[in-house]
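All remarks here apply to the structure that follows.
Since this is a predicted model, take the numbers as computed values, not measurements.
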Amino acid sequence: MVPGFLANERIGYNQHHHTSGFAKMERIYDILQRIQSLWKELERTKPDSREHVVLMNQIRALSDEYRALIDVPKKPRESK
């Protein structure tokens, strides 16, 4: 299942990267979970309802936030 896979990735990421990178991965994971939850809510709404439109707008906004987070170039590692 995807959430379990992402949880494992988060653990591995934390062991090898700075805390700020881990916080970013946590945010990405949280966004994906929220999008998944919104899609489940959307399935229970009528396509022509106001609630449906609101949910779609939330999904779009979170998707944009997700893309912005994953498209940010990685900072080069500092040599010690």
> If you measure from CZ on R60 to CE on M56, what distance do you get to the nearest 0.5 Å?
Replying inline: 4.0 Å
> Has the side chain of S49 got a donor or acceptor atom that lies under 3.5 Å from a matching backbone atom of T45?
Replying inline: no
> What's the spacing between R44 CZ and L42 CG if we round to 0.5 Å?
Replying inline: 9.5 Å
> Rounded to the nearest 0.5 Å, how far does OG of S63 lie from CG of L38?
Replying inline: 9.0 Å
> Which one of M25, Q33, E26 satisfies the side-chain contact (heavy atoms from CB on, under 4.5 Å) criterion with Y29?
Replying inline: Q33
>> Do V54 and E51 have side chains that approach each other closer than 4.5 Å (heavy atoms only, starting at C-beta)?
In response: no
> Any side-chain heavy atom of R27 sitting closer than 4.5 Å to one from E65?
Replying inline: yes
>> As an exercise, state the distance from OH of Y66 to CD1 of I35, rounded to the nearest 0.5 Å.
In response: 8.0 Å
> Do you know the tightest heavy-atom contact between R34 and E41?
Replying inline: NH1-OE2, 3.6 Å
> Just how far is it from atom CG of D64 to atom CD1 of I31, taken to the nearest 0.5 Å?
Replying inline: 10.5 Å
> Would V53 end up clustered with L55 when hydrophobic side chains under 4.5 Å apart are linked, directly or stepwise?
Replying inline: no
>> Could you check whether any side-chain N or O of K24 sits under 3.5 Å from a backbone N or O of L69, counting only pairs where one atom can act as donor and the other as acceptor?
In response: yes
